[in-house]
2 protein chains.
Amino acid sequence: MSKTVQRLETKESIDERTQQVLRGIIEGYITSNEPVGSRSLSKSLEMGLSPATIRNIMSDLSDMGFLMQLHTSAGRIPTDKAYRFYVDQVVVANQLTRKLQKRIQEATQEGGTNQVEDLLISTTRLLAGLTQFVCLTSSPRVETSILRRIEFIRLSSQQILVVLVTRNGQVRNKIIAATEDLSQDFLNTVSSFLNDQFHNRNLHEIRQQILESMVEDKERYDRLLAQAVRLGKKAFEVEDAPELYIEGQHNLIFSERFRNLNSSRGLMDAFEHKSMIMNLLDSTVEADGIQIFIGIENELESLQDCTMVKAQYSDQSNVLGTIGVIGPTNMDYQTVIPVVDFTARILSQTITQQSSSCD
Amino acid sequence: MSKTVQRLETKESIDERTQQVLRGIIEGYITSNEPVGSRSLSKSLEMGLSPATIRNIMSDLSDMGFLMQLHTSAGRIPTDKAYRFYVDQVVVANQLTRKLQKRIQEATQEGGTNQVEDLLISTTRLLAGLTQFVCLTSSPRVETSILRRIEFIRLSSQQILVVLVTRNGQVRNKIIAATEDLSQDFLNTVSSFLNDQFHNRNLHEIRQQILESMVEDKERYDRLLAQAVRLGKKAFEVEDAPELYIEGQHNLIFSERFRNLNSSRGLMDAFEHKSMIMNLLDSTVEADGIQIFIGIENELESLQDCTMVKAQYSDQSNVLGTIGVIGPTNMDYQTVIPVVDFTARILSQTITQQSSSCD
DNA sequence: ATTAGCACTATCAGCTGATGAGTGCTAATA
DNA sequence: TATTAGCACTCATCAGCTGATAGTGCTAAT
């Protein structure tokens, strides 16, 4: 049933006037959230067309698959195909108001402790608040993060705390069990050995190399090296599951805009399966810029009544993660798109600043 | 409007048969979630009382304030006062099934990384799942936590990472700005100085003492001491806001049991004000055991359609925090109470194990 | 090519009467 | 005297009907 629709095409040539009518219907539906009928459109368009003429045009648009009716005597509403047309052909990259820009910038700046986690959470919350939709953010994959510093702290004879700092300011803690009692001094030697060895390498590479070291001739190891490898192995076994931040779920239920959604329940349930949502969020075709998935363009069935607008964020060199919102298909694309875009940019910028404050 | 009702009293002496009827109504309403009428009660009670007699008794109970009617021709439902009677007089501390006990124990055990945060989150989720209500847990107050270890890690000339480990296994990270470039060696000296000085003291005491040191004659300080105090001050300025974990909010909306709730919206909104909820959760009169707040016994207005069942958890010496559920007043007290109780015990037990694995 | 006119249709709010579950009261009963 | 049967009464709910409204499609006139 759920065959994957990559993207709806809108190549067909539609004559100018018809386009204008279509645009009118789409924007009417976006603002009113009500099916739009020929009479009211005739007035609001101010093109001097009678309702009857509009009806003819509407009929054509229905045949072309741009419009549909919920029931015979209701006005028409745009199909996913219409929104795709609208986004591709009509929406121009318009500027955000200075006011809004400032608001985003300020919100991103604040938040005392300058750790990435906090930044991501507050940004996610911000975007959920601004759009009144659900906002999702994937945290940087630890896999590809670059090691800035690793440190071992002896907690007791059986427990060692690993502190792992990545270049972009993520800090991970993990308590590992010690197989023998190691002194703090010894642990310091191990950390500085690992720091020297793996400085500025990404965690994936590091893990690889440690595994290789382990199969090498064990005879050749001195105690330091042996322990370094052993501790390193445990330390870098960071949970592969990158985190996903979700904010604004309550909008799904309380926001008026979501009201003609079939199953907000289904969506809520989907959000429980974080890994699935992660994949969806991070699966990205184009390298940069905004990506928009309208209705059935979404692979996930419970998302097929919604539009997802997302953008990647990155530091100076790498793509780190994705931030996006999920809203009704008749969202106000004209403002949502630039808001997501700008937020992602600011996020990138802030993270870049943080990670460049290394030595 | 919202005058504080500490606790509804149930001193009145009610004759045995009347009590049984009341109990029947309460349990009937708990299981069916429908007002219970005289006829059906007459059958289910099997006391050989005719509906008419039951009606008379019901009428008395209404006068005493134990029952009310939503409308004339509907059956009766228990008042908050009735639930209070039920909880105090009727519900006996019954045992959980072995099966359920095992389930709680297992769920608490798992979860690889043995840090308190993860434990609290997974326990909160567990309890929300078991009860199908909303579950709240307050994390241990950092204020009163006992220092196990503090460590400074030089990230760059301007940034120092503070790692703070408490006795019960909480790890806090904080990046602080350095006023001058300090070597890692020097930082190590500072950490071990602070560790010596403050080992096994709670953070609140430590902060006090540092402040006192600062006002002492500064002339007498050598460089080490001066820096130790300065860094220590920043390091121990941990955010005072303890964390609050909330799980199962969707039950509020999707669970059948919450259906006769006036405003789930109001509750959802209340949950946004975490500090307020925190206070509510942590404000505790009695020292230990289960605490139950029924309907209007709750101070918070939006909670007055609900019952909150909570219990504190602790390590070997101190109360650490509170775990509780919020559900409809006609929840199944017979099982909810022991579930919360048992979960809190297991939580205490697990945390105690963790912190006793120090040297 | 456009439009006016008309028949058609679905939804919605408001009204109706029937039904049923429940009560309270009173008088009969054990 | 406590219990119960009987009866009148009260509401909430539901199905079915109503007219109003807002939309459409089609056809014939412009």
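Residue numbers start from 1 in every chain, and the chains themselves are labelled A, B, ... in the order their sequence lines are given, proteins ahead of strands. Owing to the predicted nature of the structure, the values given are computational and were not obtained by experimental measurement.
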**Q** Residues of residues 27-41 of chain A with any non-hydrogen atom less than 4.0 angstrom from an atom of DNA chain C: list those, numerically ordered, please.
**A**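 Hits under 4.0 Å, by residue number: none.
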
**Q** In dot-bracket, 5' to 3', how would DNA chain D read with Watson-Crick or G-U wobble pairs under 3.5 Å, [ ] for crossing ones and | for pairs to another strand?
**A** ||||||||||||||||||||||||||||||

**Q** Under 3.5 Å, sequence neighbours excluded: what are the donor-acceptor pairs made by side chains of residues 331-340 of chain B?
**A**
from: B:D332; atom 1: OD1; to: B:Q334; atom 2: N; distance (Å): 3.3
from: B:D332; atom 1: OD2; to: B:T335; atom 2: OG1; distance (Å): 3.4
from: B:Y333; atom 1: OH; to: B:T307; atom 2: OG1; distance (Å): 2.9
from: B:Y333; atom 1: OH; to: B:T329; atom 2: O; distance (Å): 2.6
from: B:Q334; atom 1: NE2; to: B:Y86; atom 2: OH; distance (Å): 3.4

**Q** Would you sort out whether B:L45 and B:Q20 count as a side chain to side chain contact (heavy atoms under 4.5 Å, CB included), showing the intermediate values?
**A** CA-CA 9 Å; B:L45 271 183; B:Q20 272 186 284; 5.5 Å; no

**Q** Listing request: all salt bridge (Lys or Arg N to Asp or Glu O under 4.0 Å) pairs with a residue in residues 334-344 of chain A, at least two apart in sequence or in separate chains.
**A** A:D341-A:R345

**Q** The criterion is side chain to side chain contact (heavy atoms under 4.5 Å, CB included); which residues satisfy it with B:S32, sequence neighbours excluded?
**A**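 B:S32 satisfies side chain to side chain contact (heavy atoms under 4.5 Å, CB included) with B:E34 once adjacent residues are dropped.
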
**Q** Grab the two heavy atoms, one from A:N330 and one from A:Y83, that are nearest each other, plus how far apart they are.
**A** CB-OH, 3.1 Å

**Q** With distance as the sole test, does B:D88 use its side chain to make a donor-acceptor pair with the main-chain N or O of B:F85 at under 3.5 Å?
**A** no

**Q** Restricting to nitrogen or oxygen on both sides, can you table the protein-nucleotides 8-11 of chain C pairs closer than 3.5 Å?
**A**
from: C:dA10; atom 1: O4'; to: A:S73; atom 2: OG; distance (Å): 3.2
from: C:dA10; atom 1: N3; to: A:S73; atom 2: OG; distance (Å): 3.2

**Q** Does the side chain to side chain contact (heavy atoms under 4.5 Å, CB included) test come out yes or no for B:I294 and B:V87, once each step is laid out?
**A** CA-CA 10 Å; B:I294 297 170; B:V87 167; 4.0 Å; yes

**Q** Using modelled atom types only, decide if a donor and an acceptor are shared between the side chain of A:Q19 and the backbone of A:I14 within a distance under 3.5 Å.
**A**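 Side chain of A:Q19 to backbone of A:I14, a donor-acceptor pair under 3.5 Å: yes, one is there.
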
**Q** Just do the salt bridge (Lys or Arg N to Asp or Glu O under 4.0 Å) check on A:D269 and A:R265 with the steps written out, would you?
**A** CA-CA 6 Å; A:D269 288 345; A:R265 173 69 192 264; 3.3 Å; yes

**Q** Which pairs count as salt bridge (Lys or Arg N to Asp or Glu O under 4.0 Å) when at least one residue sits in residues 16-33 of chain B, sequence neighbours excluded?
**A**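 Residue pairs passing salt bridge (Lys or Arg N to Asp or Glu O under 4.0 Å), neighbours aside: B:R23-B:E27.
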
**Q** What residues in residues 46-55 of chain A put a non-hydrogen atom under 4.0 Å from any atom of DNA chain C?
**A**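 Contacts with DNA chain C under 4.0 Å: A:G48, A:S50, A:A52, A:T53, A:R55.
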
**Q** May I have the step-by-step check of side chain to side chain contact (heavy atoms under 4.5 Å, CB included) for B:N33 and B:R259, ending in yes or no?
**A** CA-CA 9 Å; B:N33 207 16; B:R259 101 178 113 94; 3.7 Å; yes

**Q** To the nearest 0.5 angstrom, please state how far the CE atom of B:M268 sits from the CD1 atom of A:I253.
**A**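 With rounding to 0.5 Å, CE (B:M268) is 5.0 Å from CD1 (A:I253).
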
**Q** Please tabulate, for side-chain N and O atoms in residues 63-73 of chain A, each donor-acceptor pair with protein atoms closer than 3.5 Å (sequence neighbours left out).
**A**
from: A:Q69; atom 1: NE2; to: A:T72; atom 2: O; distance (Å): 3.0
from: A:Q69; atom 1: NE2; to: A:A74; atom 2: O; distance (Å): 3.1

**Q** Reading DNA chain D from 5' to 3', where do the contacts with chain B start and stop? Cut-off is 4.0 Å to heavy atoms.
**A** D:dT3 to D:dA12

**Q** Please output the side-chain donor-acceptor pairs of residues 46-56 of chain B that fall under 3.5 Å, not counting sequence neighbours, one pair per line with the distance.
**A**
from: B:S50; atom 1: OG; to: B:A52; atom 2: N; distance (Å): 3.3
from: B:S50; atom 1: OG; to: B:T53; atom 2: N; distance (Å): 3.3
from: B:S50; atom 1: OG; to: B:T53; atom 2: OG1; distance (Å): 3.1
from: B:R55; atom 1: NH1; to: B:S38; atom 2: OG; distance (Å): 3.2

**Q** What residues, two or more places apart in sequence or in another chain, satisfy side chain to side chain contact (heavy atoms under 4.5 Å, CB included) together with A:N279?
**A**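 Result, side chain to side chain contact (heavy atoms under 4.5 Å, CB included) vs A:N279: none returned.
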
